[in-house]
Amino acid sequence: MKFRYYLPTEILFGAGVLSTLHEKTLPGTHALVVTTSGKSVRRLGYLDRLLEQLAAAGAKATLYDKVSPNPTRDNVMEGAAMAREAGCDFLVALGGGSAIDAAKGMAVMAVNDGDCWDYVRDGSGKGLPLQARPLPIVAIPTTAGTGSEADAGCVISYPERKEKVSFGTPWSFPALSVVDPELMTSVPPMLTAYQGFDVLFHAVECYLSKAANPPSDLYGLDAIKRVMRSLPAAVRDGADMDARTDMAWASTEAGFCLTLSGLTAQHSLEHAMSGCYPELPHGAGLILISRAYLTRCAKQPEYRQRMLDLSRAMGAESAAGPEALLERLEWLMEECGVANLKMSQFGISRDALPGIARMSIDRRFTNERVPLSQEEALEILEQSYS
């Protein structure tokens, strides 16, 4: 057994902890505050609260509020240029995974020359080494989904090339993450469901991955138990603080899993889908292909014991076979109102599936316990299509 355990982020967790940010020693004196182009962080007062905390800590702030729901190369380059021009020495990301991911890319490009795609290893990226260490980041998630507050990776899209790739460096871990479930109570029910399934599949994939190890297993199984007991409640009542707190911690735990283990081809397939169809929410895409992907795993002896473990974590204590995982997954989908999603309702064309399968092949495929070919990837997409 060999693995590396490296989780350098300080995490403040709990309802109301945003109000304590001013008590921390921040990693700089002038922040680029990164948020999305939506209005919720302003309308709900979260942005004002953050700016008050930064001021109380003696830090200046410059605002970049143009991040797309799927953060793009242009977002990264524009924000990085703003950070350079303003003389920012750290970044604060306020929002969902899109804001945090964009901030990680900006932190890299604020101190490195060229284009961010010069440093991307997948797709058409050049995979060049960084010239300088990225600026430090403070991450403040307002959703329970990506776990980006607890890992070094980020996902950036290049719409002109229909690419959506992972990008990052061990230096991209947030220096500090403030995980405050109070900031998550306003997320609408359907988005809560999509984000919660992203948490679930982070943990499931990392447990099935051949890169799994004892620490990632511990975090993953606990995250799954929390999702199963609390996601339906959070979807039904967004103000349920017990459910929101459970989901916030599950998301962060699943972020630990991403760092300690690694995702599988299910995420690669979804990134290719939403790279071609940017309006597809990431969690919805994962839901769409999950049945076919996990059915494929259930047929392979190499996955049997781990699927049994997952089935039991999902509530099937007396599970006798891996099929129990699929039954529990179906239950959760029904409880959260996402059992009947169709690719066609997101504008996905059946004719696009071969291209999506080709574009999906990346490093995550190497984490499969049984190699998954491009042809099998296309089969998963076709079985999922409706």
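It should be emphasised that the depicted structure is a prediction, and the values quoted were computed from it without experimental measurement.
- Side-chain contact between V204 and L294 is present, with heavy atoms from C-beta onward closer than 4.5 Å.
- Listed by first then second residue, pairs satisfying ring pair (Phe, Tyr, Trp, His ring centres under 6.0 Å) with a partner in residues 126-160 read W117-Y158, not counting sequence neighbours.
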CA sep, side-chain torsions, deciding dist, call: S98, D101, side-chain hydrogen bond (donor to acceptor under 3.5 Å, both in side chains) | CA-CA 5 Å; S98 55; D101 282 9; over 6 Å; no
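- Applying the salt bridge (Lys or Arg N to Asp or Glu O under 4.0 Å) test to E376 and every residue at least two apart in sequence or in another chain returns R296.
- For the side chain to side chain donor-acceptor pair (under 3.5 Å) test, residues two or more places apart in sequence or in another chain that qualify with S166 are R364.
- Here the closest non-hydrogen pair linking D309 and L221 is O-CD2, 4.3 Å.
- Members clustered with V155: none, using a 4.5 Å side-chain heavy-atom cutoff among hydrophobic residues.
- Pairs passing the side-chain hydrogen bond (donor to acceptor under 3.5 Å, both in side chains) check and including a residue from residues 188-197, sequence neighbours excluded, read T192-R244.
- Looking at residues two or more places apart in sequence or on another chain, you find a salt bridge (Lys or Arg N to Asp or Glu O under 4.0 Å) between D118 and K126.
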What donor-acceptor contacts under 3.5 angstrom involve side-chain atoms of residues 104-112, with partners at least two apart or in another chain?
from	atom 1	to	atom 2	distance (Å)
K104	NZ	S148	O	2.8
K104	NZ	S148	OG	2.9
K104	NZ	D151	O	2.6
K104	NZ	D151	OD1	3.0
K104	NZ	G153	O	2.8
N112	OD1	Q131	N	2.7
N112	OD1	A132	N	2.8
N112	ND2	V108	O	2.8
N112	ND2	A132	O	3.0

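- Residues satisfying the salt bridge (Lys or Arg N to Asp or Glu O under 4.0 Å) criterion with E330, sequence neighbours excluded, are R291.
- Sorted by first and then second residue, the ring pair (Phe, Tyr, Trp, His ring centres under 6.0 Å) pairs with a member in residues 307-351 form an empty list; sequence neighbours excluded.
- Using a 4.5 Å heavy-atom threshold, the side chains of V120 and E163 count as separate.
- The side-chain hydrogen bond (donor to acceptor under 3.5 Å, both in side chains) analysis of residues 254-270, with sequence neighbours excluded, yields the pairs D198-H267, H202-H267, E205-T264, E205-H267, T264-Y293, H267-H282, S268-D362, E270-S274, E270-H282.
- Residues passing the salt bridge (Lys or Arg N to Asp or Glu O under 4.0 Å) test with E10, sequence neighbours excluded: K24.
- For residues 294-328, the set of pairs meeting the ring pair (Phe, Tyr, Trp, His ring centres under 6.0 Å) definition, not counting sequence neighbours, is empty.
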